[in-house]
Q: 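Pasting a structure below so you can have a look.
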Amino acid sequence: MEQKNGFVKIDGKKISATIKEEIAAEVAQMTGEGKKPPHLAAILVGEDGASQTYVAAKVKACEQVGFKSTLVRLGAEVSEEALLREIRKINDNPGIHGLIVQLPLPKHIAVDKVTAEIKPKKDVDGFTPANVGRMTLGWPAYISATPNGIVELLKRYELETSGKHCVVIGRSHIVGSPMSILMGRNDYPGNCTVTLTHSRTQNLKEIAASADILIVAIGKAGFVTGDMVKPGAVVIDVGIHRIADDSKKSGYRLVGDVVFDEVAEKASAITPVPGGVGPMTIASLLYNTLLAAKGEIYP
Ligand code: NAD
């Protein structure tokens, strides 16, 4: 555990590499016993540069751990019905364990309709109503990648959560909202008293400053400053932003929703950007796909 000037820097890069090694070892054992390796299918619609990069990283990660992967590429003009047909084909293919549809989708396609078409049993992104409902009820469920990754970081760093006040900033369906449910459930990590804050919250500064665990998923670079953080708090920064920086070869650097240096001075533990929550996302997706292949969520 890397401890810097009194605070622990939560190393998502290292933990995600460890998780990938653990998954690879399990896959090697499965195939050694004559079983088929986990198989993930990804559907990519259109030519969006960021989406292509994300999907390529997911496919590469599958190869690294010994999974099979199938990438279905559809043109930006594809009709909603044709996309739904592709999903049904994969739903019905017994050789494929997990299916993800890379977001965002072109405007003429209804995301909710597409998400709802994915068989819950194969929904390794954990976006379908069935999996969100199961998670809320505390049933076995695929939990979406980013919240799952945060839960895993808290676990692996053995950070105490029971009885703590957890403040979540942001209520998106993919991060803030599920995070608030997970931190409030009767489990570890969990058993927090949770405050879910959003754009209409009043006195956000005071509420944030009362958090023992502060989870920030607002999508505004440097929003959380040192004065918004209680001494000794655990701070999880989900935001990722590219800031122009001529001193870098790439011409930019990555920052989070939290002003790292200021907040690290007060925190007991904090995730950096990059290298904190981000790298955990793909590890979580791989983990869910392994669960799918083993039939652990939907036996
Ligand atoms: P989003 O835009 O869907 O949601 C932002 C939330 O912040 C909304 O619920 C909104 O109500 C709230 N908000 C906006 N202004 C506010 C204010 N002034 N005070 C309080 N709340 C306010 O964002 P998201 O999809 O949850 O993503 C958040 C950030 O996390 C983005 O920077 C995104 O790029 C990043 N992200 C990172 C990962 C990762 O793997 N590390 C994954 C998903 C998202």
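When a ligand or atom number is given, it counts from 1 through the structure's own listing order. Only this structure's heavy atoms are used, side chains among them; waters, hydrogens and symmetry mates stay out. By convention here, the first residue in the shown sequence is residue 1.
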Q: Provide, to 0.1 Å, the distance between atom 13 (N) of ligand 1 and the closest protein heavy atom, together with that atom's residue and name.
A: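 Result: Ile218 CG1, 3.6 Å.
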
Q: Of all the heavy atoms in His173, does at least one lie under 4.0 Å from an atom in ligand 1?
A: no

Q: Please check if atom OH in Tyr298 has more than 12 non-hydrogen atoms from other residues, nucleotides or ligands closer than 6.0 Å.
A: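 Result for OH/Tyr298: enclosed.
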
Q: I would like to know whether Arg171 and Ser199 meet side chain to side chain contact (heavy atoms under 4.5 Å, CB included); could you show each step before the answer?
A: CA-CA 9 Å; Arg171 60 178 162 190; Ser199 52; 4.0 Å; yes

Q: Test side-chain hydrogen bond (donor to acceptor under 3.5 Å, both in side chains) on Gln29 and Lys35 and set out the steps.
A: CA-CA 9 Å; Gln29 196 184 338; Lys35 293 182 192 143; over 6 Å; no

Q: Of all the non-hydrogen atoms in the protein, which one sits nearest to atom 10 (C) of ligand 1, and at what distance?
A: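 The closest heavy atom on the protein side is Ser199 N, 4.2 Å.
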
Q: List every atom of ligand 1 that sits less than 4.0 Å from any heavy atom of Val175, numbering the atoms from 1 in the order shown and giving each element.
A: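 By the 4.0 Å cutoff, the relevant atoms are 26 (O), 43 (C).
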
Q: What protein heavy atom sits nearest atom 21 (N) of ligand 1, and how far away is it?
A: His198 C, 3.0 Å

Q: Can you tell which part of Leu204 has a heavy atom less than 4.0 Å from ligand 1: side chain, backbone, both or neither?
A: side chain

Q: Around atom 6 (C) of ligand 1, find the nearest protein heavy atom and jot down its residue, atom name and distance.
A: Gly170 CA, 3.5 Å

Q: Go through the steps for Val72 and Leu44 under the test side chain to side chain contact (heavy atoms under 4.5 Å, CB included), then give the verdict.
A: CA-CA 6 Å; Val72 178; Leu44 174 63; over 6 Å; no

Q: Considering only heavy atoms of Gly239, which atoms of ligand 1 have at least one such atom less than 4.0 Å away?
A: 29 (C), 30 (O), 32 (O), 35 (C)

Q: Is the shortest side-chain N to carboxylate O distance from Glu152 to Arg156 below 4.0 Å?
A: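 Yes, Glu152 and Arg156 are salt-bridged.
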
Q: Below a 4.0 angstrom heavy-atom separation, can you tell me which part of Arg200, side chain or backbone, both or neither, approaches ligand 1?
A: neither

Q: Start with the C-alpha gap between Asp257 and His241, add the side-chain angles, then the distance that decides, and say whether side-chain hydrogen bond (donor to acceptor under 3.5 Å, both in side chains) holds.
A: CA-CA 8 Å; Asp257 287 350; His241 312 272; 2.6 Å; yes

Q: Considering only heavy atoms of Ile174, which atoms of ligand 1 have at least one such atom less than 4.0 Å away?
A: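 Those qualifying, in numeric order: 25 (O).
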
Q: Can we say Asp212 and Lys164 salt-bridge, meaning some charged N sits less than 4.0 Å from an Asp/Glu carboxylate O?
A: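 Looking at Lys164 together with Asp212, the answer is no, because their closest N to O distance does not fall below 4.0 Å.
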
Q: Ring of Tyr142, cation from Arg134 - is the NZ or CZ under 6.0 Å from the centre and inside 45° of the axis?
A: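 So Arg134 doesn't make the cation-pi contact.
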
Q: From the options Pro279, Pro274, Ser172, select the one whose nearest heavy atom is closest to atom 3 (O) of ligand 1.
A: Ser172

Q: As a check for students: among Leu103, Ile207, Val238, Val273, identify the option with a heavy atom nearest to atom 41 (N) of ligand 1.
A: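 The nearest heavy atom belongs to Val238.
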
Q: Among all protein heavy atoms in this structure, tell me which lies nearest to atom 31 (C) of ligand 1, with the distance rounded to 0.1 Å.
A: Gly219 CA, 3.6 Å

Q: With atoms numbered from 1 as shown, which atoms in ligand 1 lie under 4.0 angstrom from a non-hydrogen atom of Thr146?
A: 40 (O), 42 (C), 43 (C)

Q: Once you restrict to heavy atoms under 4.0 Å, what part of Met280 touches ligand 1? Side chain, backbone, both or neither.
A: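 It is neither; nothing of Met280 touches ligand 1.
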
Q: Distance under 4.0 Å to a non-hydrogen atom of Gly278: what atoms of ligand 1 satisfy this?
A: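 Every atom of ligand 1 under 4.0 Å from some heavy atom of Gly278: 40 (O), 41 (N).
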
Q: Under a 4.0 angstrom heavy-atom cut-off, which atoms of ligand 1 come close to Thr281?
A: 39 (C), 40 (O)

Q: NE2 of His173: more than 12 outside heavy atoms within 6.0 angstrom?
A: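 Not more than 12 within 6.0 Å, no.
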
Q: What atoms of ligand 1 come closer than 4.0 angstrom to any heavy atom of Ile240?
A: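 Reading through ligand 1 atom by atom, the close ones are 32 (O), 34 (O), 35 (C), 37 (C), 39 (C), 41 (N).
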
Q: Test of understanding: clusters of I, L, V, M, F, W, Y form through side-chain heavy atoms closer than 4.5 Å, transitively. Do Val259 and Leu214 belong to the same one?
A: no

Q: Look at Glu63 together with Lys60 and state whether they make a salt bridge at an N to O cut-off of under 4.0 Å.
A: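 No, Glu63 and Lys60 are not salt-bridged.
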
Q: For ligand 1, which atoms, with element, lie under 4.0 Å from some heavy atom of Arg171?
A: 6 (C), 8 (C), 9 (O), 11 (O)

Q: side-chain hydrogen bond (donor to acceptor under 3.5 Å, both in side chains) for Thr128 and Asp123? Distances and angles first, verdict last.
A: CA-CA 7 Å; Thr128 59; Asp123 167 34; 2.6 Å; yes

Q: State whether any protein heavy atom lies less than 4.0 Å from atom 15 (N) of ligand 1.
A: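 Flag for atom 15 (N) of ligand 1 set to true, protein heavy atom closer than 4.0 Å.
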
